[in-house]
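Bear in mind that the values here come from a model prediction, so they are computed numbers and not experimental data. Chain letters run A, B, ... following the sequence lines, proteins first and then strands; every chain starts at 1. Atom set for the values below is all heavy atoms of this structure, side chains included, hydrogens, waters and symmetry mates excluded.
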2 protein chains.
Amino acid sequence: MHTSSQIFQEAGLKPTQSRLEVTGVLAQSEYPMTHQDILKELPESFDRVTLYRVLDWLLTNGVIHRIAGEDRTWRFHINNSDLTNKQTTRYNSTPTTSKSNKLNQHSHAHFQCENCGKMFCLNDVHPKLTNDIPPDFVVDSIEINIKGKCVNCAKPLEPLVNPDHR
Amino acid sequence: MHTSSQIFQEAGLKPTQSRLEVTGVLAQSEYPMTHQDILKELPESFDRVTLYRVLDWLLTNGVIHRIAGEDRTWRFHINNSDLTNKQTTRYNSTPTTSKSNKLNQHSHAHFQCENCGKMFCLNDVHPKLTNDIPPDFVVDSIEINIKGKCVNCAKPLEPLVNPDHR
DNA sequence: ATATAAACGCAACTACGTTGCGAAATATAT
DNA sequence: ATATATTTCGCAACGTAGTTGCGTTTATAT
């Protein structure tokens, strides 16, 4: 087991205090978190703009991915892929400006509960590429968003309504 | 061929001036439009809040569907299904508060161009998943968002950059 | 014709995210 | 080690999409 710091170093990514803190928070959550969710887990003093920028940076470097929820806010989740053997960016290289990174090809499906608002990564559910997509359209990524009721809320009794994730 | 007004009447939906105007605009567009896009096609005097409310109403009554784009804004598109033989709501019935309506089961895929921002409905592309969604999760709808380059922008020369749809 | 309900128009407001810019921290060169 | 350049950080102000409250207008029911 490596620390976030070590993983960053080995991957050639500059680990700052902020980046490590945010990565730590995201690494511990099994479901995608909103900006707010994350901020709540960070020290009071953590600047919200810095968080936006760190998330941006983690995105472009393939450490995390984000999903658009039904409520028009992004949710962020750590990538389970190992960075070390794929990342080529160096400390002093200019990072790509594009937010689509090479690692983020792992496009699995996401599920958002219509009751409690929580989002889940369905790591095993992948889109099957159909050849129905019109030619001349170049596909970069396929996103699957499933809506319905999650394990907790599907139960007939005492649905879990969590206002934190609305 | 029916007019929007006739279709609404037959479906038991109250057609107001605003609703007909908005429906008219949406019916003429082959791609999903943002709130801004639509507003631009309406008379100057048309109130933006009214537009939001009309869109809401069209949604709950299954006349249109909406898709979340990469830019956190909704895009609206008319449903190709015929309303007349499916809609049961009456003038004086209380409409369902939920925005998931019965007609909107037609979940086809959507494609958003990363270059010009335009969104396309791929009516023939339907969700296909590699694996089964975990039991205990109740699925209401599956949304597929494909990102890449559209017909126009995939061409090597003179990519079509339309700032209106960014 | 009068009462009731739905739709509309306007202003103010909320939430998420972005931009600009100076200060602090970190890296690079001499 | 010191000076210079680059990156990151923190704060304030801004932008945009969408919402809420409320009074007015329009449509429907008796």
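- Which of D/dA17, C/dG17, D/dC11 sits closest to the side chain of A/R53 comes down to D/dC11.
- Taking the side chain as every heavy atom from C-beta outward, A/R75 and A/M33 never approach each other to under 4.5 Å.
- Distances from the side chain of A/T16 to the nucleotides D/dC9, D/dT19, C/dA27 place D/dC9 closest.
- Regarding A/H35, its NE2 atom lies at a distance of 7 Å from the P atom of C/dG17, rounded to whole Å.
- With hydrogens and angles left out, the side chain of A/R48 and the base of C/dG17 share a donor-acceptor pair within 3.5 Å.
- Remark: of the listed residues A/F46, A/F76, A/Y52, A/W74, A/Y52 is the sole one forming a ring pair (Phe, Tyr, Trp, His ring centres under 6.0 Å) with A/H35.
- When the nucleotides D/dG10, D/dA17, C/dC8 are ranked by their closest atom to the side chain of B/V54, C/dC8 comes out on top.
- Listed nucleotides: D/dA27, D/dG10, C/dT18. Nearest to the side chain of A/Y52: C/dT18.
- When each of B/V49 and A/R19 is assigned the nucleotide of DNA chain D bearing its nearest heavy atom, the one mapping closer to the 5' terminus is A/R19.
- The distance between atom CG of A/D56 and atom C1' of C/dC16, rounded to the nearest whole Å, is 14 Å.
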Go through it in stages, so that I can follow the logic: the residues are A/E30 and A/K118, the test is salt bridge (Lys or Arg N to Asp or Glu O under 4.0 Å), and I'd like the CA-CA distance, side-chain angles, deciding distance and then a yes or no. CA-CA 11 Å; A/E30 49 175 334; A/K118 222 177 200 174; over 6 Å; no
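- The side chain of B/R72 sits closest to C/dG17 out of C/dG17, C/dG9, D/dG10.
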